[in-house]
Amino acid sequence: METVAKIRRAYFVQHKPIKQICRELKLSRKVVRKVIRSEATAFRYTRSVQPAPKLGPWRDELDRMLAANTGKPARERLTLTRIFEALRGLGYEGGYDAVRRYAKTWKRQQASVTAPAFVPLVFAPGEAYQFDWSHEIVLIAGVTTTIKVAHVRLCHSRMLFVRAYPRESQEMVFDAHDRAFAFFRGTCQRGIYDNVKTAVETIFVGRERAYNRRFLQMCSHYLVEPVACTPASGWEKGQVENQVGLVRERLFTPRVRVRSYDELNALLLDGVVAYAKAHPHPEQRELTIWQAFEAERGALVPYAGRFDGFHAVPAAVSSTCLVRFDNNKYSVMASAIGRPVEVRAYAERIEIRQDGRVVAEHPRAFGRGQTVFDP
């Protein structure tokens, strides 16, 4: 570029002839004329054809090895040196640099072919919500505890709802939906989910799914059409995926210290409402998220009331009037001995029935080896 600048100044400013410029800068007339006629300020040489006399016959094999290597997990991939050695073992007589240059070009071409591109999703008011779980660490009554947090997000207004639970079991899914819909005062036409076992039993080709029977009952109760994402395609519910990171940063950092789950959930509810009232909607910048949510409420499917969200399992009654469930024991009426019972597990309580009659009801215990009595 410095030489090009000297030629241009000598010719256009100092009005020197081409012959004199060639003599002073020790350049050929062809180079000087090229600079003057093109009016370019920089030149770059690009080789149109890269000769590879030794690598040429081995390109197909090298393509196959590079493609196979890219498809492996990161910890199992070979280095280019190992690929070069494998190629030499097959009879390649060229050098490593030719393989390295070819691999660099091959990788650049593959990146341009497989680069991901997305179309932004747009949702009408009341059209859809997204549901997901996250794992967080908090201090409950002085004990470091890993909790499961249910996330629900209205896709149009971006209103969020979160609630903490000890685990991700099906009764927790039911309770999270009911509390979210009660808070929203309605639900949406569609619900977008991962392929979790509490919702999806079998994945077929395309969008076809065999949903869990109790999960379908819940969706029917709230008039929701369930939609399961393509496996390993988190962008199909990107709003709630982003919400997980946002909630973790704003509500769980620094580490939260509470006395109970009730205190934690009250803290989370206050936090999401405060966030919604203080932050603008990402698309309707003149509105806050809370204002957009208030406007969307009229388009929601009306709240149908609480779904009887329990997970039922059969059990036997011991001679000491105890029923074992989830590594804990619960007492029942003495009249229940000798016949099977049905344990209905809710998010916060246990109900035990026999022939349609309630023979025990207890607050749910989440430890191991506990015995809950009601004499």
Side-chain angles (χ1 to χ4, degrees), residues 118-134 149-163 165 168 170-196 198-200 206-209 211-230 233-244 246-247 265 268-269 272-273 275-277 279-284 287-309 347:
F118 305 93
V119 177
L121 297 176
V122 178
F123 297 91
E127 179 185 351
Y129 66 85
Q130 298 176 2
F131 179 87
D132 203 1
W133 287 98
S134 73
V149 180
H151 295 257
V152 185
R153 187 181 184 98
L154 298 181
C155 297
H156 175 75
S157 65
R158 309 302 206 275
M159 188 60 200
L160 59 161
F161 177 86
V162 295
R163 188 169 178 85
Y165 295 94
E168 296 180 28
Q170 192 174 59
E171 59 271 21
M172 310 299 175
V173 173
F174 296 153
D175 186 76
H177 280 76
D178 182 73
R179 291 181 183 275
F181 297 156
F183 171 73
F184 296 146
R185 300 180 200 167
T187 182
C188 298
Q189 299 172 28
R190 293 189 295 124
I192 303 172
Y193 298 87
D194 266 337
N195 295 281
V196 291
T198 52
V200 177
R207 293 288 182 178
E208 293 298 317
R209 301 288 187 272
Y211 290 99
N212 180 281
R213 179 175 173 273
R214 287 286 291 159
F215 178 77
L216 279 180
Q217 282 184 275
M218 183 202 71
C219 292
S220 177
H221 175 81
Y222 292 118
L223 304 177
V224 171
E225 177 190 357
V227 177
C229 295
T230 307
S233 303
W235 57 85
E236 294 183 10
K237 56 178 183 62
Q239 288 192 26
V240 76
E241 295 279 356
N242 291 335
Q243 176 178 310
V244 168
L246 183 146
V247 169
N265 284 319
L268 293 177
L269 185 59
V272 298
V273 171
Y275 175 83
K277 290 182 176 180
H279 288 77
H281 191 278
E283 294 175 356
Q284 305 174 54
L287 300 177
T288 64
I289 293 175
W290 183 262
Q291 290 170 335
F293 166 57
E294 291 284 354
E296 186 183 18
R297 268 183 171 162
L300 295 178
V301 178
Y303 176 56
R306 186 172 183 82
F307 173 67
D308 194 14

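As the structure is a computational prediction, the values presented were derived from the model and not from experiment.
With sequence neighbours excluded, the residues that form a side-chain contact (heavy atoms from CB on, under 4.5 Å) with P280 are R285. Under the side-chain contact (heavy atoms from CB on, under 4.5 Å) criterion, L223 pairs with V301, sequence neighbours left out. Among residues two or more places apart in sequence or in another chain, the side-chain contact (heavy atoms from CB on, under 4.5 Å) test is passed with A128 by F123, C155, R190, I192. In terms of the ring pair (Phe, Tyr, Trp, His ring centres under 6.0 Å) criterion, H281 has no residue partners (sequence neighbours excluded). Qualifying side-chain contact (heavy atoms from CB on, under 4.5 Å) partners for V244, counting only residues two or more places apart in sequence or in other chains: S134, H151, R248.
For the atom pair CE (M218) and NE2 (H177), the distance works out to 4.0 Å, reported to the nearest 0.5 Å. Between the OG1 atom in T198 and the CG atom in N212 there is a gap of 7.5 Å [rounded to 0.5 Å]. Between the CG atom in D132 and the CD atom in Q243 there is a gap of 9.0 Å [rounded to 0.5 Å]. Interatomic distance, L154 CG to Q130 CD, rounded to the nearest 0.5 Å: 10.0 Å. The CD atom of E294 lies 9.0 Å from the OG1 atom of T288; values are rounded to the nearest 0.5 Å. With rounding to the nearest 0.5 angstrom, the OH atom of Y165 is 7.0 Å from the CG atom of N265.
Across every non-hydrogen atom of L216 and P226, the tightest pair is CD2-CG, 4.2 Å. When all heavy atoms of S157 and E296 are compared, the closest pair comes out as OG-OE1, 2.6 Å.
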Apply side-chain contact (heavy atoms from CB on, under 4.5 Å) to E283 and H156, showing your working. CA-CA 10 Å; E283 294 175 356; H156 175 75; over 6 Å; no
Evaluation steps, side-chain contact (heavy atoms from CB on, under 4.5 Å), between V173 and W133: CA-CA 10 Å; V173 173; W133 287 98; 3.8 Å; yes
Side-chain donor/acceptor pairs under 3.5 Å, residues 178-189, sequence neighbours excluded:
residue: D178; atom: OD1; partner: Y222; partner atom: OH; Å: 2.8
residue: D178; atom: OD1; partner: Y303; partner atom: OH; Å: 2.7
residue: D178; atom: OD2; partner: R306; partner atom: NH1; Å: 2.6
residue: R179; atom: NE; partner: D175; partner atom: OD1; Å: 3.3
residue: R179; atom: NE; partner: D175; partner atom: OD2; Å: 2.9

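Without hydrogens or angle criteria, R213 side chain to Y211 main chain gives no donor-acceptor distance under 3.5 Å. Formation of a donor-acceptor pair under 3.5 Å by the D194 side chain with backbone atoms of C229 is not found in this model. In terms of modelled atom types and a separation under 3.5 Å, the side chain of Y193 and the main chain of A199 share no donor-acceptor contact.
Between Q217 and F174, the closest side-chain pair of non-hydrogen atoms is not below 4.5 Å. Looking at L269 and F161, their side chains come closer than 4.5 Å, going by heavy atoms from C-beta outward. Side-chain atoms of I289 and M159, non-hydrogen and from C-beta on, do get closer than 4.5 Å to each other. With contacts defined as side-chain heavy-atom distances shorter than 4.5 Å, the pair V240/Y129 does not qualify. Put simply, the side chain of K237 does not reach to within 4.5 Å of the side chain of R153, judged on heavy atoms.
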